[in-house]
Amino acid sequence: QDGEEIKVKYLGAEGIPNNFDGGKTEIIRYHLEIDGIVKYLDRYSRKLAKQMAEISDGEFIFIKRKGNKNQTEYFIRRNEE
């Protein structure tokens with residue numbers, strides 16, 4: 001939801017075919033652990049990719065979502081605890 005922020009454990013990322021264009025391009029699938037459950041976040045945002053490139057596998061981070069549908073942006077901040 002808009003404005004929601006969650007704490008996750010970053011497990012890594014991989015490029016996968018984009019199903020919306022028949023696999024002509026790739027999107028990034030982020031592997032995240034949320035409350036002990038592995039979940040995937042598939043995004044093509046370069047802004048998000050740039051932020052996530054600074055995160056190490058196994059690191060806990062906060063992800064904040066802003067906006068809805070195709071206007072959604074994600075913001076990453078490190079867990080300083």
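Nothing fancy with the numbering, it's 1 onward along the sequence.
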- Can you label the angle between the Tyr30 ring and the Tyr10 ring as parallel, tilted or perpendicular, going by 30° and 60°? tilted
- Give a yes or no on this: more than 12 heavy atoms of other residues, nucleotides or ligands lie within 6.0 Å of atom CG of Asp35. no
- Query: Would you find more than 12 non-hydrogen atoms of other residues, nucleotides or ligands less than 6.0 Å from Phe75 atom CZ?
  - Reply: yes
- Item | Option passing salt bridge (Lys or Arg N to Asp or Glu O under 4.0 Å) with Glu5 (candidates Lys66, Arg77, Arg65) | Arg77
- Message: Is the positively charged end of Lys7 above the ring of Phe60, judged by distance under 6.0 angstrom from the centroid and angle within 45° of the axis?
- Response: yes
- Message: Looking at every non-hydrogen atom in both residues, tell me the closest pair between Ala49 and Ile28 and how far apart they are.
- Response: CB-CD1, 3.7 Å
- Item | Gly23 versus Pro17, closest heavy-atom pair with distance | CA-CB, 4.0 Å
- Item | Residue that, paired with Leu32, satisfies side chain to side chain contact (heavy atoms under 4.5 Å, CB included) out of Ile6, Ile63, Ile37 | Ile63
- Any side-chain heavy atom of Leu41 sitting closer than 4.5 Å to one from Val8? no
- Query: Hey, are the side chains of Ile27 and Asn19 touching, using non-hydrogen atoms and a 4.5 Å cut-off?
  - Reply: no
- Query: Should Tyr40 and Ile55 be regarded as members of a common hydrophobic cluster, given that ILVMFWY residues are connected when their side-chain heavy atoms come within less than 4.5 Å of each other, either directly or indirectly?
  - Reply: no
- Task: Run the numbers on Tyr74 and Lys64 for side chain to side chain contact (heavy atoms under 4.5 Å, CB included), then give the verdict.
- Result: CA-CA 6 Å; Tyr74 292 90; Lys64 185 172 185 175; over 6 Å; no
- Can you list every salt bridge (Lys or Arg N to Asp or Glu O under 4.0 Å) pair that touches residues 8-34, not counting sequence neighbours? Arg29-Asp42
- Determine which pairs satisfy salt bridge (Lys or Arg N to Asp or Glu O under 4.0 Å) with at least one residue from residues 43-61, sequence neighbours left out, and list them in order. Lys47-Glu73, Glu59-Arg78
- Interatomic spacing from CE in Met52 to OG in Ser45 - rounded to 0.5 Å: 10.5 Å
- Query: Is there a donor-acceptor pair under 3.5 Å between the side chain of Asp2 and the backbone N or O of Gly67?
  - Reply: yes
